[in-house]
Every structure is written in structure tokens, then in C-alpha cells.
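Note: hydrogens, waters and symmetry copies are ignored here, and every other heavy atom, side chains too, is used. A, B, ... follow the sequence lines: proteins, then strands. Residue 1 opens every chain.
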There are 2 protein chains.
Amino acid sequence: MRKEAIERRNEILDAADELFGQKGFDGTSTNDILEKVGIARGTLYYHFKSKEDIMDALIDRYNTQILGAANGIAADKSIAVHERIVRVVMALNISGGNGKEIIDHIHKPQNALMHQKIQKVIINGLPPILTEIIREGIEQGLFSTPYPYECMEMIVAYTNTVFDDDMVDLTDEERAARIPAFIFNVERLLGVESGSLMYMMKMFGSGGEENRNNS
Amino acid sequence: MRKEAIERRNEILDAADELFGQKGFDGTSTNDILEKVGIARGTLYYHFKSKEDIMDALIDRYNTQILGAANGIAADKSIAVHERIVRVVMALNISGGNGKEIIDHIHKPQNALMHQKIQKVIINGLPPILTEIIREGIEQGLFSTPYPYECMEMIVAYTNTVFDDDMVDLTDEERAARIPAFIFNVERLLGVESGSLMYMMKMFGSGGEENRNNS
DNA sequence: TTTTATCGACAGACAGTCGGTCTATTAAGG
DNA sequence: CCTTAATAGACCGACTGTCTGTCGATAAAA
């Protein structure tokens with residue numbers, strides 16, 4: 001029954017990940033985690049100093065997964081700027097095959113704290129990545145703004161809040177109506193002609209459930 | 001010691017308001033509230049069905065205070081559009097003399113859930129109010145956008161996230177640098193000439209602590 | 001032998017419940 | 001008009017079950 005610390009740690013994180021996703025952070029007791037992993041209380045507190053510590057470790061994992069994939073794509077200068085933006089954004093949905101589940105976890109109303117912490121990761125981590133691409137685009141004459149970072153920050157903040165979040169309760173039609181408006185606004189922010197970023201529609205999936213995440 | 005239900009309810013809410021502000025929602029026990037009000041457990045659960053129910057009632061209060069003031073100003077067509085926008089926004093800081101304290105409460109990291117719930121009130125409640133003013137401005141030829149609502153939504157989402165929140169940790173200089181960039185972006189969104197909205201700087205207070213809230 | 005991982009009993013705190021009490025008001029009876 | 005009984009709303013506090021985090025003991029590995 002004895003294992004390497006790192007292995008145990010990951011077992012615990014895996015269990016917590018699933019349980020938090022099902023029942024939320026507050027709704028999950030440490031006993032639930034103990035049972036699922038098959039260890040005793042003391043063991044859990046040997047590996048983690050508190051329940052919140054487990055959540056923080058989980059967020060670190062997400063952080064690495066989500067931003068790692070985005071960073072990889074952003075650095076690949078062989079891809080054209082427009083295409084790269086789309087791919088970076090879309091990578092957030094599917095990085096490691098579970099980005100989407102992560103996002104779904106977070107949206108349980110019970111998980112306000114975890115949600116907040118992940119939002120923080122994204123709002124701080126994503127704009128720098130996107131800004132670099134935008135700067136390239138500016139050099140190539142594709143975009144025109146004196147404030148690329150703040151533009152990206154605004155866009156990410158918006159999509160996080162309105163599209164990724166349950167902050168605004170949108171029907172499918174309302175959501176669909178927001179998309180061209182959003183693209184129009186992005187065009188203005190980036191100083192390009194109206195209609196020239198319409199190709200970005202594809203970031204929002206084909207409808208249904210895919211479009212939950214796009215920041 | 002016997003009181004009208006509504007009076008007791010408000011006593012409890014007042015106490016909870018202060019305690020949540022000091023120690024956060026999770027950090028405040030129902031016993032703390034009991035002590036502060038000077039009532040017994042049963043009494044509290046006679047008036048509220050759960051601890052979270054107390055928070056929800058508190059948020060209703062905030063909601064009324066915050067949006068009520070904003071609505072009042074927005075409806076006053078005797079004030080010029082530009083000025084009215086500034087006043088609506090600034091009213092959020094000081095409505096009822098305690099808007100600022102409300103905002104400060106919410107920013108305690110312990111209060112993630114309350115924070116989220118108030119953000120929801122703002123992101124859903126404020127854009128409609130502002131949109132009406134913008135529409136007036138469009139009729140007067142002051143602004144030009146086919147999507148006034150989505151513009152406001154974007155602006156509110158951004159200020160909520162970046163300026164009002166601790167999502168992005170800004171030094172004073174970083175904060176100061178964000179302001180002209182923000183105004184520039186708003187100008188683009190509203191389709192006005194660069195520099196013409198600079199008067200909005202005043203919404204961000206004189207620096208220091210005043211500028212915590214501006215959405 | 002020392003370090004690393006594990007165990008499970010336990011303490012302390014807390015949210016919510018429940019049966020019962022107290023009191024003001026109203027209704028009935030004298 | 002006064003007294004007494006009934007009713008309902010406000011209140012009480014002991015109690016229950018649950019949960020988190022601690023600690024000393026123990027076993028396995030190094």
C-alpha cells in the first residue's frame with residue numbers, strides 16, 4: 001500500500017478533481033476524497049496541508065495544462081498570425097483532452113473560489129501570450145493599436161465573463177447574437193476594417209455546447 | 001426583547017454585513033452573528049433558512065442600493081449625456097454613502113461567492129442602464145456604434161475584472177497606465193475621435209484608494 | 001537507525017433542527 | 001367592562017451529525 005509521495009499526491013489530486021467536478025469544493029468532504037483514494041485521514045494531511053491546498057495544487061495543474069498548450073502554439077511562427085490566434089484560443093478548450101471538463105467543473109456555482117482562482121490564471125496568463133501575436137500582426141500591418149496588451153486584456157476579460165461564465169445567462173439565440181457584435185468590437189479595438197475578422201467565428205464552435213469556452 | 005420580524009431581520013443583516021466585511025463569509029460563524037445581535041440560534045433560523053440565505057438577502061440590499069442610485073441618475077434627461085455617464089458610474093462608488101464599503105467587503109478573498117453574486121448583479125444590471133444613455137448619445141451624433149449594448153457589456157466586464165477586482169494585481173503605476181489605454185479603447189468602441197473621451201479620467205478618482213471602483 | 005509514508009482515534013468547531021417557552025393580541029364568557 | 005382562554009408570532013438553547021485538521025503510534029524502506 002505504500003507509494004512514492006508524488007504518486008500518492010497525484011492519486012489524491014485525481015480523486016479531488018473528479019469529486020470537486022461532481023459535487024463542488026464545499027460539497028466534497030475530505031472523507032469523500034479519503035474513501036475514493038482508499039487512504040486514511042493522516043495520509044491526506046501528510047501530503048497536503050489543508051483542503052484548500054489541494055485545490056491550489058489542482059489549479060496549478062490546470063494552469064500548466066491550459067497555458068502550456070497555448071504557449072506552445074503561440075511560439076510557432078511558422079503559422080500565420082490570424083490562424084495562430086484562432087488556434088491558441090481553441091487550444092484552451094481541448095488542451096490535454098480535458099480543458100473542456102475543467103471549464104465545466106468550474107462553472108458549478110459551488111465552486112466560486114476555484115472559479116475565481118482559475119479566472120485569475122487566465123486573465124493574467126493569456127493576454128501576454130496573445131499580445132505577442134498581435135504585435136507580430138501589427139508589424140505585418142494586419143492590426144493597428146497603440147495598446148495591444150490592454151486590448152487583449154479587455155477581450156479576455158469580456159469572453160471570460162460573458163461567454164465562459166454563468167455571469168450572464170444567455171439563451172442560445174442571445175449567445176449567437178453576441179458573437180458578431182463581439183467580433184465587430186474586436187475589429188474596432190484592433191483597428192481593422194469591419195468584417196475582416198469574421199473568420200474568427202469558428203472559434204465559437206458550431207453551436208450547442210462546444211462554444212462554452214473561447215477566451 | 002421581542003421585535004417585529006422585519007426589524008429583527010434587518011438587525012441580523014446589519015450584523016452579518018459588518019462581520020462578513022471584516023472576516024468574510026466563511027470566516028464568520030453563525031455564532032458570531034448570534035452574539036453580535038444578541039439572539040439565540042433558533043431566532044436566526046426563524047428569520048433565515050440558512051447562512052447562505054442571509055448572504056442572498058444582503059445581496060438584494062446591495063442590488064437595490066447600487067442599481068437604484070444609478071437608475072435615478074440615468075433617467076434624468078436634463079443632464080447632458082457625457083456628464084450623465086460619468087455620474088452614473090461615480091454613483092456606484094458612493095450610493096447611499098456605503099457603496100465603497102460594499103465593494104471593499106467583496107474584495108476579501110474569502111468572499112468569493114458573495115463577490116461572484118454581486119458581479120452578476122452588476123454585469124446584468126449596469127449595461128442596460130448605460131446602453132440607454134449611449135443610445136441617446138447616438139441620436140445626438142455623439143457616439144456611433146451598431147452594438148451599444150455589447151459595447152457597454154464589454155466595458156463593464158473589463159472594469160469589473162481589471163479595475164474593481166483583485167483579479168489583476170496592479171501597482172499604482174500599472175493602474176495609472178491602464179486608464180488612458182482604457183479610455184482609448186472605449187473611444188474606439190464607441191466610434192468617437194481619439195481624445196474626445198478624456199474627460200472620463202475623472203471617473204477614476206484622484207489616485208490612492210478612491211479609484212477602486214469605476215464600473 | 002533514520003527517514004518516509006501511513007494509519008485512525010480524537011478534538012474542536014460549526015450549521016442546522018426541534019421541542020418547548022414567552023408574550024401580545026384577540027375572542028369569548030361573565 | 002372585566003376576566004379568562006385561545007392563538008400565533010417571536011424566541012430560546014440544548015442537541016445532532018458532520019467536517020476539518022492534529023497527533024502519537026506504526027510499518028516499511030533506505
If you check the [X] side chain, which of [options] turns out closest?
X       : options               : value
B/Arg2  : D/dG13, C/dT4, C/dT23 : C/dT23
B/Ala5  : C/dC7, D/dA10, C/dA5  : D/dA10
B/Arg41 : D/dA14, D/dC11, C/dC7 : D/dA14

_By nearest heavy atom, map A/Gly42 and B/Gly42 onto DNA chain D; which one lands nearer the 5' end?_
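Going by which nucleotide is closer to the 5' end, it is B/Gly42.
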
*asked:* Can you tell me how the ring of A/Phe163 sits relative to the ring of A/Phe182, calling it parallel under 30°, perpendicular over 60° and tilted otherwise?
replied: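 If you compare the ring of A/Phe163 with that of A/Phe182, the planes turn out perpendicular.
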
Using atom [atom1] of [X] as one end and atom [atom2] of [N] as the other, report the distance to the nearest whole Å.
X       : N      : atom1 : atom2 : value
A/Tyr45 : C/dC7  : OH    : P     : 15 Å
A/Lys49 : C/dA5  : NZ    : P     : 19 Å
B/Glu52 : C/dC14 : CD    : P     : 18 Å
A/Glu11 : C/dT6  : CD    : C1'   : 13 Å
B/Ile39 : C/dG16 : CD1   : P     : 14 Å
B/Leu34 : D/dC11 : CG    : C1'   : 11 Å
A/Ile54 : D/dT20 : CD1   : C1'   : 11 Å
B/Tyr46 : C/dG20 : OH    : C1'   : 15 Å

Return no unless some side-chain N or O of [X] is found under 4.0 Å from OP1 or OP2 of [N].
X       : N      : value
A/Thr30 : D/dC19 : no
A/His47 : C/dT6  : yes
A/Thr43 : C/dA5  : no

_Mind checking if A/Ser29 touches a base, just sugar-phosphate, or nothing, with heavy atoms under 4.0 Å?_
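The answer is sugar-phosphate, as A/Ser29 gets under 4.0 Å only of primed atoms, P, OP1 or OP2.
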
_Counterpart residues, side chain to side chain contact (heavy atoms under 4.5 Å, CB included), relative to A/Ala74 (two or more places apart)_ =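 If we apply the side chain to side chain contact (heavy atoms under 4.5 Å, CB included) test to A/Ala74, skipping adjacent residues, the hits are A/Val88, A/Ile129, A/Ile133.
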
Using 4.0 Å as the upper bound for N to carboxylate O, is an ion pair formed by [Y] and [X]?
X        : Y        : answer
B/Lys202 : B/Glu83  : yes
A/Asp169 : B/Lys120 : yes
A/Lys49  : A/Asp56  : no

*asked:* For C/dT6, does the base pair up with any side-chain atom of A/Arg8 as donor and acceptor (N or O, under 3.5 Å, distance only)?
replied: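 No, no donor-acceptor pair under 3.5 Å.
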
